[in-house]
J.: 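Attaching a single structure in structure tokens format; questions to follow.
Excluded from the calculations below are hydrogen atoms, water molecules and symmetry mates; all remaining heavy atoms, backbone and side chain alike, are included. Lettering follows sequence order; numbering is per chain, from 1.
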Number of protein chains: 2
Amino acid sequence: MLDPMETGEPEEFDLKNFLPYLLNISGEVTSSGFQTSYKEEYGMTRTQWRVLFHLGRYGDMTARDICSRARTHKTKVSRAVSALEGMRFLKRQKDQNDRRFETLCLTTDGDKAYKALCRKAGQFDSELSAKFTPKENAILRRCLRQLADFD
Amino acid sequence: MLDPMETGEPEEFDLKNFLPYLLNISGEVTSSGFQTSYKEEYGMTRTQWRVLFHLGRYGDMTARDICSRARTHKTKVSRAVSALEGMRFLKRQKDQNDRRFETLCLTTDGDKAYKALCRKAGQFDSELSAKFTPKENAILRRCLRQLADFD
DNA sequence: TGGTATTAGTTGAAAATGTAACTATCAACG
DNA sequence: CGTTGATAGTTACATTTTCAACTAATACCA
């Protein structure tokens, strides 16, 4: 395992501090715990959860809006929308001015599911937040929003 | 971005501050940028990258070790190991004392790939770190390690 | 007009992942 | 021994995601 091209490179790189890796692992760990609450009860995937929450939280919008707000690819959103439509959680409405668009809006059932999951999400987030001080929480979230290109 | 809709409902939950969501989005955004460097050049997936880096950074170990250190499911690791073996980036060696185990170790090619990608990763991480102050970086990484159940 | 480029969204095939069951090896205990 | 149970790793099958076309509607511009 000796490498003749070794140029005395300092081996300072530490995987456990590499941000993309850390973000993915912590994202998987935290999400997989929370996911059971909607997967078992509603048979929903993570992407479907995202779409539901965007509509529930920010009101009616197009698939394109969800794509850009959630930095999610349009095929993922398209399929999630179809699935949620099949569950009768949302409806589509063609824009009469520009018929390429369709506005998505939650049905009563969809809104009910959103509100129920919203409570669970709030509780789950509180448990996670409890691990840190208010200041750490603020910094953590601000950094993450910046990395996610939010704001 | 628009603020919460004050339509009457007490809407305290904010998606953009929900930790699992934030972690996933920021993880996807940061990883997808970095991923091109190993996907195009080595045809490697994210899981394969993980396995390669664990062996490169921490030395020979079993698949089980990688599973627990990277919090990755054993089927993912198993397939990544097979793929990396097919690329001649690693070899397996049955443990003579307990033949259920096999120790994985990088080949010369695997180590070369690791070192090349290591430089890119270090550079990439520096660019990300530059967005924050040293203190923010320290807090961010410490929080993430804790969420990931590291240490 | 008409031709070209964009944009919103869908679809099919290939790749990756998740889940559960499977093989093989070893340990513990009668 | 032999049975039971645990552990390392693989495999089969279903689901999800990715990637590259694709349709349909609109915008731009000569």
J.: Show your reasoning for whether side chain to side chain donor-acceptor pair (under 3.5 Å) applies to A/Y21 and B/D125.
T.: CA-CA 10 Å; A/Y21 175 72; B/D125 202 57; over 6 Å; no
J.: Nucleotide by nucleotide, 5' to 3', does protein get under 4.0 Å of the base (B), only the sugar-phosphate (S), or neither (-) in nucleotides 9-18 of chain D, counting heavy atoms?
T.: BBBBB--SSB
J.: Taking heavy atoms of chain A and a 4.0 Å limit, find me the 5'-most and 3'-most nucleotide of DNA chain C within that range.
T.: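 Listing 5' to 3', DNA chain C meets chain A from C/dT6 to C/dT19.
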J.: Look at all strands and tell whether A/D95 reaches a base, only sugar-phosphate, or nothing, counting heavy atoms closer than 4.0 Å.
T.: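 Nothing, no nucleic acid heavy atom in range.
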J.: My understanding is that only residues two or more places apart in sequence, or in another chain, count here; which of them pass ring-ring contact (aromatic ring centres under 6.0 Å, His included) with A/F89?
T.: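 A/F89 satisfies ring-ring contact (aromatic ring centres under 6.0 Å, His included) with no residue once adjacent residues are dropped.
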J.: How would you list, by chain and number, every residue that makes a salt bridge (charged side-chain N to carboxylate O under 4.0 Å, His left out) with B/R79, sequence neighbours excluded?
T.: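 Partners of B/R79 under the salt bridge (charged side-chain N to carboxylate O under 4.0 Å, His left out) test: none.
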J.: According to side chain to side chain contact (heavy atoms under 4.5 Å, CB included), who are the partners of A/E136, at least two apart in sequence or on a separate chain?
T.: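 Per chain and number, A/E136 pairs via side chain to side chain contact (heavy atoms under 4.5 Å, CB included) with A/F132, A/T133, B/I139, B/R142, B/C143.
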J.: Looking at residues at least two apart in the chain, or sitting in another chain, which of them share a side chain to side chain contact (heavy atoms under 4.5 Å, CB included) with B/T72?
T.: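 With sequence neighbours excluded, B/T72 shows a side chain to side chain contact (heavy atoms under 4.5 Å, CB included) to B/T47, B/R50, B/A70, B/K76, B/V77, given in chain and number order.
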J.: With B/S78, which residues qualify under side chain to side chain contact (heavy atoms under 4.5 Å, CB included), at least two apart?
T.: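 Per chain and number, B/S78 pairs via side chain to side chain contact (heavy atoms under 4.5 Å, CB included) with no residue.
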J.: Under the side chain to side chain contact (heavy atoms under 4.5 Å, CB included) test, which residues partner A/K39, sequence neighbours left out?
T.: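 In terms of side chain to side chain contact (heavy atoms under 4.5 Å, CB included), with neighbours along the sequence ignored, A/K39 is linked to A/Q35.
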J.: List the residues meeting salt bridge (charged side-chain N to carboxylate O under 4.0 Å, His left out) with A/R64, not counting sequence neighbours, and say none if there are none.
T.: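 Partners of A/R64 under the salt bridge (charged side-chain N to carboxylate O under 4.0 Å, His left out) test: none.
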